[in-house]
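Treat the numbers as computed from the prediction; the structure is a model and nothing was measured. We number each residue from 1, following the sequence as shown.
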Amino acid sequence: MTGAPTRPARPVTPTTILAELLDDLVTRAGAGVDADLVRARDLAAGLDPYLDEHTSPASSALVELEARTRSAAWTGTLEQEMLSGHVEGRFLAFLVAMTGARRVLEVGMFTGYSALAMAEALPDDGELVACELDADVAAFARDCFAASPAGRRIRVEVGPAADTLDRLRGTAFDLVFVDADKAGYAGYLDTVLDGGLLAPGGVVCVDNTLMQGLPWTGERTPNGDAIAAFNRRITDDPRVEQVLVPLRDGLTLIRRAA
């Protein structure tokens, strides 16, 4: 990874994709554009900036981590759009504080924005264990964590997440955040629920469960199909109850059924 000029993030959530489509329609309509179409475009385009403006600001360490992530030259399947970002980071930090979590497990870390956001909300003796497949990305994240006092609460485990979860069986976590390969989601959740990884009263938060709107718009992609199958499986799973929150690309909160 080398430095590169920062470019705007491409639309990868239902709201930002909708805003881009509507903006294109407004542009193509020209002078004869319908006022309701313009209003629809403005509603979609203004939502994320408004959420960002009225959410408590991120720490300086998180701001720097985001800037470094957006200016890095990613290759292969890695891209800056994988960053959780400000509003989602604050949401996860809220979950940590609200649940009183002391131990957090993250399955899929990327450059560590969500990990650091949650670690900042942990008590001094709290710990976050983050699973990351890519050693170079893990090194990037560790370097960013070093800029924050909360970074010492994060332990990064490099390698396939399934292997790490197997090693952690029997270690209970108060909050589990899953944001890894989409085809692996069901297996990760089963290991968390059946492997003694979720503490009593614990919460699992699963990212990207709206997956750019693919599960309901009919367009077929491997990730879209994987998320659609995962969502259906969770809906039909009597072990759990869940709520799908339309934040960014979708967050599903899961807990054991009473």
Side-chain angles (χ1 to χ4, degrees), residues 1-7 9-10 12 58-85 88-89 92-93 96 103-120 122 126-171 173 175-192 195 197 204-208 211 222-223 226-227 249:
M1 286 166 284
T2 58
T6 302
R7 63 169 178 81
R10 66 183 178 85
V12 292
S59 67
S60 58
L62 285 169
V63 171
E64 177 62 21
L65 189 157
E66 179 170 3
R68 289 185 59 181
T69 301
R70 296 205 183 283
S71 64
W74 301 104
T75 59
T77 59
L78 300 173
E79 55 183 357
Q80 64 157 317
E81 287 79 11
M82 296 168 66
L83 186 86
S84 296
E88 185 173 346
L92 292 170
V96 172
R103 292 183 56 80
V104 175
L105 173 64
E106 180 172 72
V107 184
M109 180 182 67
F110 189 43
T111 58
Y113 192 100
S114 53
L116 184 56
M118 290 187 286
E120 289 180 346
L122 284 170
E127 181 184 39
L128 185 147
V129 178
C131 308
E132 175 52 48
L133 178 64
D134 190 296
D136 290 336
V137 173
F140 184 105
R142 286 190 180 109
D143 190 51
C144 293
F145 297 157
S148 169
R152 63 180 175 78
R153 302 183 192 124
I154 303 172
R155 172 161 61 92
V156 181
E157 296 284 347
V158 180
D163 295 345
T164 301
L165 295 183
D166 279 340
R167 291 197 304 272
L168 291 171
R169 282 178 181 269
T171 304
F173 294 88
L175 177 65
V176 179
F177 179 50
V178 181
D179 184 16
D181 57 297
K182 310 315 169 193
Y185 273 17
Y188 299 144
L189 183 63
D190 282 344
T191 302
V192 167
L197 293 172
V204 182
C205 183
V206 183
D207 202 10
N208 300 117
M211 187 45 66
N223 279 343
I227 289 297
D249 201 26

Nearest 0.5 Å, please: how far is CE in Met211 from CG in Asn223? 4.5 Å

For the residue pair Leu197 and Val176, establish whether any side-chain heavy-atom pair is separated by less than 4.5 Å. no

Using every non-hydrogen atom in the two residues, find where Ser84 and Asp179 come nearest and quote the distance to one decimal. OG-OD2, 4.4 Å

I need the minimum non-hydrogen distance between Gly112 and Phe145, along with the two atoms involved. O-CE2, 3.4 Å

Can you tell me how far CG of Leu128 sits from CZ of Arg103, rounded to the nearest 0.5 angstrom? 9.5 Å

Does the side chain to side chain contact (heavy atoms under 4.5 Å, CB included) test come out yes or no for Cys205 and Leu92, once each step is laid out? CA-CA 9 Å; Cys205 183; Leu92 292 170; 3.9 Å; yes

Donor-acceptor pair, side chain of Arg153 and main chain of Ala119, under 3.5 angstrom: yes

Side chain to side chain contact (heavy atoms under 4.5 Å, CB included), that's the test. Do Leu189 and Val178 meet it? Break it down for me. CA-CA 8 Å; Leu189 183 63; Val178 181; over 6 Å; no

Would you tell me whether Asp207 and Tyr185 have side-chain atoms, one donor and one acceptor, within less than 3.5 Å of each other? no

Separation of Glu106 CD from Glu157 CD (nearest 0.5 Å): 13.0 Å

Thr191 side chain reached by Arg169 side chain, heavy atoms, under 4.5 Å: yes

Quick one: does any side-chain atom of Glu81 pair with a main-chain N or O of Arg10 as donor and acceptor, under 3.5 Å? yes

Kindly indicate, with the supporting measurements, whether the criterion side chain to side chain contact (heavy atoms under 4.5 Å, CB included) is fulfilled by Val137 and Met82. CA-CA 12 Å; Val137 173; Met82 296 168 66; over 6 Å; no

For the residue pair Ala162 and Tyr188, what are the closest heavy atoms and their distance? N-CE2, 3.9 Å

Enter the distance from Leu105:CG to Leu175:CG here, rounded to the nearest 0.5 Å. 9.0 Å

Minimum heavy-atom distance between Ala150 and Leu116, given as atom pair plus value: CB-CD1, 4.1 Å

Atom OG1 of Thr69 and atom CZ of Phe140: how far apart are they, to the nearest 0.5 Å? 4.5 Å

Given side chains that start at C-beta, do those of Leu62 and Tyr113 come closer than 4.5 Å, heavy atoms only? yes

At their closest point, which heavy atom of Ser148 faces which heavy atom of Ala61, and how far apart are they? CB-CB, 3.6 Å

Going from OG1 on Thr111 to CG on Asp134, what distance comes out if it is rounded to the nearest 0.5 angstrom? 11.5 Å

Taking the side chain as every heavy atom from C-beta outward, state whether Arg68 and Asp143 have any pair of such atoms under 4.5 Å apart. yes

Do you know which two heavy atoms are closest between Ala130 and Met109, and how far apart they sit? CB-SD, 3.6 Å

